[in-house]
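This is a predicted model, so every value here is computed, not measured.
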Amino acid sequence: MNRFILAACAGLMATGVAWADVTEEDLLNDQATTDQILTNGMGRHLQRYSPLDTLNQDNVKNLVPAWAFSLGGEKQRGQETQPLIYDGVMYITGSYSRLYAIDLKTGQELWQYDARLPEGILPCCDVVNRGGAIYGDKIFFGTLDARIVALDLKTGDVVWRKQIADYKAGYSYTAAPIIVDGLVITGNSGGEFGIVGEVQARDAETGDLVWTRPVIEGHMGTLNGEESTMTGTLNATWPGDMWKTGGGATWLGGSYDAETDTLVFGAGNPAPWNSYLRAAGNPEGTEGDNLYAASRIGIDPSNGEIKWHFQTTPREGWDYDGVNEVVAYTDNDGNKRYATADRNGFFYVLNREDGAFVAAYPFVKDISWADGIDEQGRPIFNEANRPGDPTAAADGQKGSTVFAVPSFLGGKNWMPMAFSQKTGNFYVPSNEWGMDLWNEPISYKKGAAYLGAGFTIKPLFEDYIGSLKAIDPITGEVKWEYKNQAPLWGGVMTTAGGLVFTGTPEGEFKAFNDETGEELWSFQTGSGIVGQPVTWMQDGEQYVSVISGWGGAVPLWGGEVAKEVSYLNQGGLLWTFRLPEQLASN
């Protein structure tokens with residue numbers, strides 16, 4: 001029995017919670033149902049848009065703290081969660097694979113689940129967790145030892161716990177799951193360890209595996225315990241046996257487009273980083289593309305079959321993961337589109353029916369690895385900006401160094417953008433930085449880093465790195481830009497009230513005018529914000545929450561940038577704000 005069960009029961013009786021199973025229809029209507037949040041992205045299309053307009057540009061100045069909840073203790077590392085809300089309870093995940101249930105009115109803890117992580121876990125980029133998913137009478141979330149856990153919503157007791165992959169081989173799991181038609185669908189993490197990216201679907205009630213879909217060609221998918229189809233064609237774009245440790249981690253999770261009944265997952269960098277080792281035949285031809293790494297992949301949620309793919313960075317050699325979220329939306333001209341802001345610095349627009357390329361626009365400055373994107377959506381490579389082949393070096397140990405833009409942490413990394421149905425614009429948290437990059441010899445060893453490269457990240461400009469941009473997806477025009485001294489690493493949310501919310505590593509939680517970018521409100525949270533804001537209605541008032549807690553990849557991998565932000569304090573505090581009803585008309 002969970003040690004917090006008595007507190008949970010007492011809290012639930014006090015709030016009068018009427019527990020009812022969450023259905024597929026509830027998930028489908030998550031964006032429109034403004035008193036609860038059941039999915040990562042505030043809707044499985046990941047728009048992160050709220051139709052609420054009680055809180056608006058005129059009265060956001062009256063937003064005040066309602067309560068705060070401390071994650072406490074020695075485990076205050078990067079906090080990247082998005083809160084979920086159901087029947088008077090808020091659910092958040094924390095670093096080191098923890099999950100909390102919190103009374104929505106008081107901020108009092110109802111119960112806590114703390115995964116018992118084994119020794120030897122191999123998380124790449126901090127011990128973060130980005131959130132859970134609610135379905136039926138359960139909440140689901142992943143753990144750093146590459147497991148998926150189903151907990152009872154009322155008590156936090158474990159209903160089932162299943163292994164996604166072998167953590168000793170470098171696998172982990174940090175994303176929020178996504179649920180479609182009673183299936184809990186997960187990706188995996190570990191791209192720097194020569195793992196193989198995969199999407200898995202399990203029965204939400206039992207945890208039994210229904211289908212698997214590896215995302216590197218040559219690997220076999222499964223359906224109901226039997227082999228189904230091979231991903232791609234063996235050795236079509238990979239040489240020899242390198243596909244067996246080909247990377248492509250699906251570490252950010254996916255989105256779901258209900259109108260086309262399509263899951264869309266991104267696949268990370270191919271392994272190793274050294275692209276010369278992965279060249280097949282003519283290294284400048286498509287046979288060296290290394291599918292389906294650095295790609296977006298449309299998947300049938302019923303059986304795991306691949307419907308389509310779009311590769312943002314073929315023959316990838318800069319660690320430009322293709323995992324960034326794919327948002328389903330309708331543009332101001334009425335076109336049904338997907339949008340994704342890639343780590344490689346280009347903002348892509350795709351067709352919703354088949355994932356076909358529509359357009360691409362640079363959204364960060366001074367991109368050096370490519371001179372643009374051609375009419376088919378393939379990059380026009382600047383081969384002089386590809387790090388050199390170590391075998392061509394005199395000592396055979398280090399290829400020639402290039403200064404590449406953006407850095408391997410990306411024009412945009414994991415931090416989710418938002419789409420406004422009000423303006424038709426995307427609000428993209430980006431960073432302006434580059435890197436010294438060189439290739440090195442490498443061979444695969446289970447559980448060891450599999451990079452074949454060295455790097456140092458450097459800022460491009462003296463006065464800022466972070467840049468929040470409002471982008472018109474029809475033209476690619478940047479409507480406005482907010483510049484921030486430190487890198488931006490937190491999520492963005494938009495509302496029908498004309499507001500754009502995000503946080504900074506300096507600890508400021510901010511609201512901007514969605515049309516002009518004017519800063520309308522700010523609150524100092526005490527630690528850097530790398531979490532994801534949400535908003536909801538409660539007792540006739542609009543609330544906003546965000547978690548504060550500095551960490552993530554920047555302090556670990558940021559090179560010269562990490563030194564510049566070393567003064568920032570870690571934390572672990574969930575802030576909840578409200579607009580008092582009497583001040584809503586001011």
From CD (Gln112) to CD1 (Ile92), nearest 0.5 Å: 9.5 Å
Main-chain N/O of Leu104 paired to Trp67 side chain as donor or acceptor, under 3.5 Å: yes
4.5 Å side-chain heavy-atom contact, Val500 and Leu468: yes
Distance, nearest 0.5 Å, that separates OH of Tyr86 from CD1 of Ile37: 14.0 Å
From Leu52 atom CG to Met537 atom CE, the distance as rounded to the nearest 0.5 Å: 6.0 Å
Aromatic ring proximity Phe509/Trp575, centre distance under 6.0 Å: no
Heavy-atom pair with the smallest gap, counting every atom of Phe141 and Gly131: CB-O, 4.1 Å
Side chains of Thr535 and Gln542, donor plus acceptor under 3.5 Å: yes
Thr93 and Thr81 side chains, donor-acceptor separation under 3.5 Å: yes
Polar side chain donor-acceptor pair, Asp514 to Gln57, under 3.5 angstrom: yes
Asn324 side-chain N/O to Ala341 backbone N/O, donor-acceptor pair under 3.5 Å: yes
Test item: side-chain donor near acceptor, Gln200 and Asn188, under 3.5 Å: no
Non-hydrogen atoms of Thr143 and Ala115 that approach each other most closely: CG2-CB, 3.9 Å
Evaluation steps, side chain to side chain contact (heavy atoms under 4.5 Å, CB included), between Asn425 and Ser420: CA-CA 6 Å; Asn425 294 328; Ser420 171; 5.6 Å; no
Exam field: side chain Ser228 to backbone Gly221, donor-acceptor pair closer than 3.5 Å: yes
Minimum heavy-atom distance between Thr340 and Arg296, given as atom pair plus value: OG1-NH2, 2.6 Å
Verdict with supporting geometry, Lys446 and Asp166, salt bridge (charged side-chain N to carboxylate O under 4.0 Å, His left out): CA-CA 11 Å; Lys446 180 180 177 180; Asp166 179 9; 3.3 Å; yes
Flag side-chain contact, heavy atom, 4.5 Å: Pro505 against Val554: no
The single option from Thr262, Asp261, Thr39 passing side-chain hydrogen bond (donor to acceptor under 3.5 Å, both in side chains) against Tyr256: Asp261
Selection residues 520-531 - residue pairs positive for side-chain hydrogen bond (donor to acceptor under 3.5 Å, both in side chains), sequence neighbours left out: Glu508-Ser522, Glu508-Gln524, Thr525-Ser548
Arg48 and Asn40: side chain donor to acceptor below 3.5 Å: yes
Which residues share a side chain to side chain donor-acceptor pair (under 3.5 Å) with Thr34, sequence neighbours left out: none
Side chain proximity check, Arg578 to Val64, heavy atoms < 4.5 angstrom: yes
Any donor-acceptor N/O pair, Asp126 side chain to Gly78 backbone, under 3.5 Å: yes
Any donor-acceptor pair under 3.5 Å from Asn129 side chain to Gly142 backbone: yes
Expected output: side-chain Thr212 to main-chain Thr222 donor-acceptor under 3.5 Å: yes
Sole residue of Ile185, Ile306, Thr186 in side chain to side chain contact (heavy atoms under 4.5 Å, CB included) with Phe265: Ile185
Intermediate values then yes/no, side chain to side chain contact (heavy atoms under 4.5 Å, CB included), Thr231 and Arg213: CA-CA 7 Å; Thr231 300; Arg213 174 51 56 192; 2.8 Å; yes
Donor-acceptor contact present, side-chain Gln31 to main-chain Tyr49, <3.5 Å: yes
Gln582, CD atom: more than 12 neighbouring heavy atoms under 6.0 Å: yes
Aromatic ring proximity, centroids under 6.0 angstrom, Trp308 and Tyr338: yes
Nearest atoms (heavy-atom pairs only) where Leu556 meets Cys125: CD1-C, 3.8 Å
Pairwise distance CG(Leu583) to CD(Glu581) - rounded to 0.5 angstrom: 10.0 Å
Side-chain heavy atoms of Thr54 within contact of Glu541, under 4.5 Å: no
Ionic contact status for Asp257 with Lys336, cut-off 4.0 Å: no
Pair listing, salt bridge (Lys or Arg N to Asp or Glu O under 4.0 Å) test, anchored in residues 27-47, at least two apart: Glu24-Arg44
Flag if over 12 foreign heavy atoms under 6.0 Å of NZ, Lys61: yes
Short side-chain to backbone donor-acceptor contact, Gln79 and Arg77, under 3.5 Å: yes
Minimum side-chain heavy-atom gap Val22-Leu27 below 4.5 Å: yes
Nearest heavy atoms of Trp536 and Met90, plus distance in Å: CH2-CE, 3.6 Å
Atom pair CG/OG1 of Leu28 and Thr33 - distance to nearest 0.5 Å: 9.5 Å
Validation row: Val327, Phe426 side chains within 4.5 angstrom (heavy atoms): yes
Candidate pair Met417 and Tyr427, rule side chain to side chain contact (heavy atoms under 4.5 Å, CB included), full reasoning: CA-CA 6 Å; Met417 64 185 181; Tyr427 300 88; 6.0 Å; no
Heavy-atom donor-acceptor pair, Asn413 side chain to Met415 backbone, under 3.5 Å: no
Side chain to side chain contact (heavy atoms under 4.5 Å, CB included) between Tyr329 and His45, worked out: CA-CA 8 Å; Tyr329 71 105; His45 45 40; over 6 Å; no
Sidechain-backbone polar pair: Trp211 side chain, Pro301 backbone, donor-acceptor under 3.5 Å: yes
Side-chain heavy atoms of Val544 within contact of Val546, under 4.5 Å: no
Rounded distance (nearest 0.5 Å) linking atom OG1 of Thr495 with atom CG of Leu499: 4.0 Å
Tyr91 side chain near Trp111 side chain, heavy-atom distance below 4.5 Å: yes
Minimum-distance pair of heavy atoms, taken over all atoms of Leu63 and Phe577: CG-CB, 3.7 Å
